[in-house]
Amino acid sequence: MSYWIFVDDANPAINYVGPWIPDHGSQDTVGTFGLPVMNTLHGVATDASLSYAFKGTSVQIIGTLQYSNVSGPVTNPSWECFVDSIAIPVQTYAGAESRLVLCHQDVLLDEVEHTITLNVHVSNERMFWFDAISYLPSSSVSLDGALLTMDVPGPNMQFSPGWSKSEFGYVTSTPGLTFQFNFSGITLLWIGYYDQRLPNATSSGSYTIDDGDEIMFLLNGSLASFTGNLYNQIFFQTPLLSSGIHNLQVTFNGNSQSTPLTLNGIYIQNGTSSTTNSTSTPPSFTTPISNSIFGISTSTISTVLVNFTSTMSTITSNMPREAESPSLHPNSPNQAHYIAPIVGGIIGGLAILTACILGAIYIRKRRSRLSFRTISPLHSIEPI
């Protein structure tokens, strides 16, 4: 199975030269190709460069154009790309758009370390926005922690009869049609698109992982009626999974008069192991959830319990001790009179605290199972 590794702009293995600045969110409304990778960019308002070392046979650089190109004294930035100091073709664009392939090179020597370099030339202080690097890795490259995109269709992918191939990917409007996929990784993202020519009434789909709970997701094709076709839309992202092989099953719950279920890409984050190649592995694009219980931080729960226990200890330590009152003997009714409210108060307080925590966990879990999930788009190169 062929796949590409995506290297986000925040990856520390990228060598930036010049006054680059990190950005989060300022270009989210640009174009119809979805949000930047991991919703982050690096921008620069003067001449600058960057480089990245990798092992692979194809490579490309992805960026965002903030403005449409116009004639006259104000022009967009220009750029040059090099692989191993040899210039490669660049692509230019007239309109503002995100996730644009700025340059691309195929047929590189396999199992050889290459370096891709981007030189940026900025005029009129129009920002240049760099998004990501993607490459087709050599077989020796570690995939630990890497963000991968898989070919569709590909091995281990099963479309039930009734799916159709469109110019942008795959689509179904038949209720109950399914898609199954066995994959190795710790989380998966389903990338679809909204075609303004198709029905756009709200519908839904659902998915299960390893025959677990069914999770619903929303399909809202009406968004494309205002902007035109929308690409690279994340319809759902699975929770964080244990590293290993998993089975995904997706079902369309709409009908022929509602927004269809579409697919034009699948993204997987691989697990991690003790060996990692820092020059070819991008950082994780998900926030680990192992330190939380349905969104409630275990550190917060621990802090509350510790503080509560500490408070109870302070209260009990400030109570009169047995030695200070001769009338309080081990079997004295007066001792029971003092101790019983204290013990009862501690137990009652712990019971209330436990009930609150368990109640919050149950509510969050129930919502996560029953509610629709809407997730920001991540990334794809360009519509297929």
Side-chain angles (χ1 to χ4, degrees), residues 4-54 59-105 114-135 147 227-228 230-232 278-279 282-285 376-383:
W4 288 71
I5 289 180
F6 286 96
V7 184
D8 181 58
D9 64 283
N11 192 311
I14 298 175
N15 180 34
Y16 288 99
V17 177
W20 294 87
I21 58 171
D23 179 82
H24 188 285
S26 74
Q27 305 303 306
D28 285 358
T29 60
V30 175
T32 59
F33 281 12
L35 300 182
V37 181
M38 296 177 64
N39 298 344
T40 64
L41 296 167
H42 264 65
V44 68
T46 186
D47 290 2
S49 66
L50 62 85
S51 60
Y52 178 77
F54 67 97
V59 65
Q60 55 193 4
I61 291 179
I62 302 157
T64 293
L65 288 184
Q66 183 176 358
Y67 304 99
S68 297
N69 206 5
V70 297
S71 59
V74 180
T75 58
N76 274 333
S78 61
W79 54 90
E80 302 168 317
C81 295
F82 301 84
V83 173
D84 302 333
S85 301
I86 299 174
I88 63 174
V90 299
Q91 300 181 39
T92 58
Y93 304 90
E97 188 55 85
S98 61
R99 301 182 183 182
L100 296 172
V101 176
L102 305 181
C103 53
H104 179 104
Q105 182 63 39
H114 303 283
T115 299
I116 187 167
T117 302
L118 172 70
N119 292 338
V120 179
H121 305 287
V122 178
S123 60
N124 305 108
E125 296 186 350
R126 280 195 167 182
M127 293 289 290
F128 174 90
W129 296 106
F130 163 68
D131 189 358
I133 295 169
S134 64
Y135 67 97
L147 172 59
T227 61
L230 291 174
Y231 309 101
N232 310 312
S278 62
T279 64
S284 168
F285 68 93
S376 300
L378 177 71
H379 178 70
S380 183
I381 302 168
E382 49 190 4

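The figures that follow rest on heavy atoms only: side chains count, while hydrogens, waters and symmetry mates do not. As the structure is a computational prediction, the values presented were derived from the model and not from experiment.
- A distance-only check finds a donor-acceptor pair linking the side chain of S98 to the backbone of G34 [under 3.5 Å].
- The backbone N or O of T92 sits nowhere less than 3.5 Å from a side-chain atom of W79 that would complete a donor-acceptor pair.
- Considering every non-hydrogen atom in both H121 and D47, the closest pair reads CA-OD1, 3.2 Å.
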How far apart are the C-alpha atoms of W4 and Q60, what are their side-chain angles, what is the distance that settles it, and do they pass the side chain to side chain contact (heavy atoms under 4.5 Å, CB included) test?
CA-CA 10 Å; W4 288 71; Q60 55 193 4; 4.2 Å; yes
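- For T115, the side-chain contact (heavy atoms from CB on, under 4.5 Å) criterion is met by S51, A53, D84, T117, not counting sequence neighbours.
- Under the 4.5 Å side-chain criterion, counting only non-hydrogen atoms from C-beta, D28 is in contact with P36.
- Taking the side chain as every heavy atom from C-beta outward, L65 and E97 never approach each other to under 4.5 Å.
- A heavy-atom distance below 4.5 Å is not found between the side chains of I62 and F33.
- The shortest distance between side-chain heavy atoms of I14 and F130 falls below 4.5 Å.
- Residues N39 and H24 have side chains in contact (heavy-atom distance under 4.5 Å, counting atoms from C-beta outward).
- Between T40 and D8, the side chains place a donor N or O and an acceptor N or O closer than 3.5 Å (distance only, hydrogens not considered).
- In this structure, the side chains of L102 and F128 come closer than 4.5 Å at one or more pairs of heavy atoms.
- Listed by chain and residue number, H42 satisfy the side-chain contact (heavy atoms from CB on, under 4.5 Å) test with P22 (two or more places apart in sequence, or in another chain).
- Annotation: side-chain hydrogen bond (donor to acceptor under 3.5 Å, both in side chains) contacts of N119 (sequence neighbours excluded): none.
- In this view, Q66 and Q27, M127, W129 satisfy the side-chain contact (heavy atoms from CB on, under 4.5 Å) rule, not counting sequence neighbours.
- A distance-only check finds a donor-acceptor pair linking the side chain of D131 to the backbone of V37 [under 3.5 Å].
- Each of V59, V7, N15 was checked for a side-chain contact (heavy atoms from CB on, under 4.5 Å) with Y52, and the lone residue meeting it is V7.
- For Y93 (side chain) and V101 (main-chain N/O), a donor-acceptor pair under 3.5 Å exists by modelled atom type.
- Two residues are said to be in side-chain contact when any heavy atoms from C-beta on lie closer than 4.5 Å; P19 and T46 meet this criterion.
- Residues satisfying the side-chain contact (heavy atoms from CB on, under 4.5 Å) criterion with T227, sequence neighbours excluded, are T32, L230.
- Taking the ring-ring contact (aromatic ring centres under 6.0 Å, His included) definition, one finds that F82 meets it with nothing, sequence neighbours left out.
- Using the six-membered ring where Trp is involved, H114 and F54 have ring planes that are tilted, between 30° and 60° apart.
- Listed here is the closest heavy atom pair of S49 and W20: O-NE1, 3.0 Å.
- With rounding to the nearest 0.5 Å, the separation of CD1 in I61 from CG in D9 is 12.0 Å.
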